[in-house]
Asker: 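Handing you a structure now.
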Amino acid sequence: MEISALQKERANYQPKLPIALQGAVKVKEGALTQSVDNQEDIKKLFPNTYGMPLVEFEPATEFNNAKMNVGVILSGGQAPGGHNVISGLFDEIKKLNPENRLFGFLMGPGGLVDHKYLEITAENLQAYRNTGGFDMIGSGRTKLEKEEQFEKGLEIIRKLDIKAIVIIGGDDSNTNACVLAEYYAAKKYGVQVIGCPKTIDGDLKNDQIETSFGFDTATKTYSELIGNIERDCNSARKYWHFIKLMGRSASHIALECALQTQPNICLISEEIEAKDMSLNAIVEDIAKTVAYRANQGNNFGVVLIPEGLIEFIPSIGRLIQELNDLLAAHGDEYLNLDKVAQREYILAHLSSENKSTFETLPEGVARQLSLDRDPHGNVQVSLIETEKLISEMVGVKLDQWKKEGKYNGKFSPLHHFFGYEGRCAAPSNFDADYCYALGSSAAQLIANGKTGYMAIVKNTIAGTDKWLAGGVPITMMMNMEKRNGEMKPVIRKALVELNGAPFKAFVAQREKWAKETCYVYPGPIQYWGASSVCDITTKTLFLEQNK
Ligand code: FBP
């Protein structure tokens with residue numbers, strides 16, 4: 001494989017570990033835990049993995065030489081740092097006992113079920129250390145949820161003499177990791193399951209998980225691009241850029257990028273939902289800023305739009321809820337019909353309020369909402385061109401104001417979607433270290449007999465030496481939510497908190513950013529050089545931890 005000059009140098013980077021993981025390690029057990037909500041339901045569903053204590057690692061004097069083979073799975077969307085979780089896991093299990101072996105299941109959870117795997121060795125891992133992407137073993141969105149999948153997986157687990165499976169994934173994948181852990185524990189198979197918090201979306205966080213890996217690198221990558229566009233925009237002064245940013249549900253990515261780049265407008269889905277804003281109200285707000293700036297002679301600007309926006313506009317959210325139920329109960333009756341017949345079927349079955357919302361949406365958007373779901377039941381928001389929908393509506397509003405003599409500017413919109421390009425960037429120093437520590441923690445959880453835990457690293461705004469590593473029972477993060485028409489135990493997704501420090505910091509400045517031009521140009525991720533540039537993490541994490 002031919003590698004770039006950067007890759008060559010970056011391969012030599014030795015990720016830093018918290019003190020507790022640098023030598024021999026022992027476990028300190030903390031308080032027993034409870035789920036965040038619906039305690040009785042969750043306890044009933046997870047009798048073997050509920051209520052376990054928090055775990056923290058401490059330096060020890062004696063080495064644990066646990067003999068264990070481990071399987072690892074990358075699950076869901078790519079996030080920078082996945083390869084470093086694998087590196088940390090590999091190095092730690094070899095440190096425990098050089099005879100330990102690591103197997104990577106290929107193309108996500110499906111690899112476990114289909115018995116497709118690769119043994120990870122020092123040689124084949126070398127080219128992937130500190131690199132972005134999940135291409136070493138691939139990823140996939142197969143949902144591990146059925147007993148026959150668990151039993152199929154067990155066959156290969158037994159064949160390879162695997163003691164534990166590490167699932168590197170987001171909230172849905174870690175929910176499934178917990179279901180698998182519970183199943184193997186209930187059957188007394190002696191197979192442990194450990195999760196690792198991954199997702200660029202940043203929505204897998206709570207009192208125990210400070211951030212999901214990949215968020216740091218992805219937001220730095222997008223902020224670089226946004227900054228470049230802002231500078232171009234401020235040079236030519238003739239375009240309005242509408243930039244949709246990835247992040248399926250929560251607006252953490254958009255908010256972090258706004259804090260880094262100070263655009264004229266950034267929509268935050270959670271605020272729009274809380275204020276019960278209609279699509280029209282959102283459009284009118286943007287048009288007012290465009291008109292204000294035009295009045296100052298500034299026919300240019302930058303608008304950030306979180307990709308999950310559409311689901312948070314209350315009227316559209318209610319429509320999606322009903323479409324989810326319809327899809328779960330009657331999907332078979334219309335999924336195979338042609339486009340026109342499908343639309344007719346759906347319109348005939350919706351309540352009158354949701355029917356009128358459905359009718360007002362452009363046909364392509366309506367179709368995306370009604371048909372496509374990923375295997376976890378999520379609307380595929382990356383495929384909906386919200387940035388175009390909104391800018392077109394702003395254009396229509398401005399034309400109307402022009403006719404009424406209320407606006408006299410030029411509005412030339414351009415559209416961008418920053419998503420996939422941020423998911424496989426070479427991990428920043430933060431993500432490289434964080435992921436390596438997560439992988440090492442996962443190995444230590446296994447060596448100490450834990451199952452149904454997620455590896456965690458805390459105190460992440462301090463230097464790596466001061467980071468605290470350990471594990472949290474996955475059931476602690478669960479509650480019951482409706483999925484595909486049924487109540488299910490799931491890890492609660494963290495949305496942007498409107499009384500949280502990052503959002504408040506944004507609100508304190510956004511009016512100024514809208515009226516004036518206050519762009520900030522973060523530039524590309526730096527891997528070497530001044531620590532004030534290379535080692536800083538996100539503004540979100542900094543503001544949250546300094547609360
Ligand atoms: P995960 O939650 O699995 O980490 O995925 C995140 C994400 O990148 C979302 O931001 C995005 O909406 C989605 O994946 C896109 O999915 P796909 O890669 O299947 O198109």
Side-chain angles (χ1 to χ4, degrees), residues 73-83 85 107-110 132-135 137-145 167-177 195-206 209 211-222 225 243-257 269-270 304-312 320 365 368-369 371-387 416-425 427 431 434-435 438 454 477 481 483 490-496 540:
I73 298 173
L74 290 165
S75 178
Q78 286 71 254
H83 290 154
V85 180
M107 302 312 290
F134 282 3
D135 49 328
I137 53 174
S139 185
R141 292 200 185 275
T142 304
K143 201 168 155 67
L144 277 186
E145 57 177 352
I167 299 184
I168 302 171
D171 51 343
D172 288 327
S173 309
N174 274 289
T175 295
N176 295 338
C196 275
K198 168 235 72 170
T199 178
I200 62 158
D201 294 1
D203 56 9
L204 178 47
K205 64 176 171 185
N206 47 48
I209 300 173
T211 186
S212 55
F213 80 74
F215 179 70
D216 184 88
T217 309
T219 52
K220 283 187 168 113
T221 307
Y222 302 142
L225 298 174
I243 305 174
K244 182 175 76 163
L245 288 165
M246 208 172 227
R248 180 188 295 115
S249 206
S251 308
H252 299 295
I253 291 182
L255 179 56
E256 172 62 26
C257 292
S269 308
E270 291 82 344
L304 303 186
I305 301 171
E307 75 171 2
L309 174 74
I310 200 108
E311 290 187 276
F312 282 77
I320 291 173
V365 176
Q368 272 301 333
L369 296 184
L371 298 176
D372 292 288
R373 295 288 184 277
D374 76 3
H376 295 272
N378 299 305
V379 174
Q380 292 188 274
V381 282
S382 302
L383 306 180
I384 301 176
E385 294 184 315
T386 338
E387 68 284 19
H416 316 263
F417 169 37
F418 298 154
Y420 297 96
E421 49 275 76
R423 298 200 309 185
C424 288
D431 272 328
Y434 184 55
C435 291
L438 286 172
M454 204 183 299
M477 299 175 273
E481 287 175 22
R483 294 286 166 92
V490 292
I491 293 176
R492 184 182 274 175
K493 217 183 248 310
L495 300 178
V496 168
T540 302

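All residue numbers in this chain count up from 1 along the given sequence. All ligand and atom numbering here is 1-based and tracks the order in the structure. Side chains are part of it too, since the values below use all heavy atoms of this structure and drop only hydrogens, waters and symmetry mates. Quantities reported herein were computed from a predicted structural model and do not represent experimental measurements.
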Asker: Test your reading of the model: is there a side-chain donor-acceptor pair from S212 to the backbone of T199, 3.5 Å cut-off?
Answerer: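 At least one qualifying donor-acceptor pair exists.
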
Asker: Answer whether the closest heavy-atom distance between the side chains of V85 and K198 falls below 4.5 Å.
Answerer: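 Of all side-chain heavy-atom pairs linking K198 with V85, none is under 4.5 Å.
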
Asker: Can an N or O of R423 be found at a distance shorter than 3.5 Å from an N or O of ligand 1?
Answerer: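 Yes; at least one N/O pair falls below 3.5 Å.
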
Asker: Looking at N174 and A177, would you say the former's side chain and the latter's main chain have a donor-acceptor pair under 3.5 Å?
Answerer: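 Checked: no pair found.
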
Asker: Would G77 count as being in polar contact with ligand 1, using the rule that some N or O on each side must be under 3.5 angstrom apart?
Answerer: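 Checking ligand 1 against G77, an N or O pair does fall under 3.5 Å apart.
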
Asker: In terms of atom number and element, which parts of ligand 1 are under 4.0 angstrom from non-hydrogen atoms of R248?
Answerer: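 The atoms of ligand 1 under 4.0 Å from a heavy atom of R248 are 2 (O), 5 (O), 9 (C), 10 (O), 12 (O), 13 (C), 14 (O).
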
Asker: Give the residue and atom name of whichever protein heavy atom lies nearest to atom 11 (C) of ligand 1, and the separation in Å to one decimal.
Answerer: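 Here the nearest protein heavy atom works out to E307 OE2, 3.3 Å.
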
Asker: Note the single closest protein heavy atom to atom 10 (O) of ligand 1, along with its residue, its atom name and the distance in Å.
Answerer: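 The answer is D201 OD1, 2.6 Å.
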
Asker: Can you classify the ring geometry of H416 versus F418 as parallel (below 30°), tilted (30 to 60°) or perpendicular (above 60°)?
Answerer: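 Tilted: the ring planes of H416 and F418 meet at 30° to 60°.
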
Asker: Do the side chain of E311 and the main chain of S249 share a donor and acceptor less than 3.5 angstrom apart?
Answerer: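 No, the answer is negative, given that no donor and acceptor are paired below the 3.5 Å cut-off.
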
Asker: Considering M246, R141, Q78, which one's heavy-atom position lies nearest to atom 5 (O) of ligand 1?
Answerer: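 Nearest option to atom 5 (O) of ligand 1, by heavy atoms: R141.
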
Asker: Just by modelled atom types, is the T211 backbone N or O under 3.5 Å from a matching donor or acceptor in the Y434 side chain?
Answerer: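 Such a contact is found between Y434 side chain and T211 backbone.
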
Asker: Between the candidates I200, T199, D172, L204, which shows the shortest non-hydrogen contact distance to atom 4 (O) of ligand 1?
Answerer: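 When every heavy atom of I200, T199, D172, L204 is considered, T199 comes closest to atom 4 (O) of ligand 1.
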
Asker: With a 4.5 Å limit on heavy-atom distance, are the side chains of K143 and N176 in contact?
Answerer: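 SC-SC contact between K143 and N176 confirmed.
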
Asker: Heavy-atom contacts with K198 under 4.0 Å: which atoms of ligand 1 show up? List them by number with element.
Answerer: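 Every atom of ligand 1 under 4.0 Å from some heavy atom of K198: 1 (P), 3 (O), 4 (O).
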
Asker: Below 4.0 angstrom, N of the basic side chain to O of the carboxylate: do D171 and R248 qualify?
Answerer: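 Here D171 does not pair with R248 in a salt bridge, since their nearest N and O are not under 4.0 Å apart.
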
Asker: Under 4.0 Å from a heavy atom of G76: give me the atoms of ligand 1 that qualify, with their elements.
Answerer: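 Heavy-atom distances to G76 below 4.0 Å select 3 (O).
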
Asker: Please write down residue, atom name and distance for the protein heavy atom closest to atom 20 (O) of ligand 1.
Answerer: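 Protein heavy atom at minimum distance: Y420 OH, 2.6 Å.
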
Asker: Should G247 be listed as contacting ligand 1, given a heavy-atom distance under 4.0 Å as the test?
Answerer: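 Judged by the 4.0 Å heavy-atom criterion, G247 does count as contacting ligand 1.
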
Asker: Among protein heavy atoms, which sits nearest to atom 15 (C) of ligand 1, and what does the distance come to when rounded to 0.1 Å?
Answerer: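 Looking at atom 15 (C) of ligand 1, the protein heavy atom closest to it is S382 OG, 3.6 Å.
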
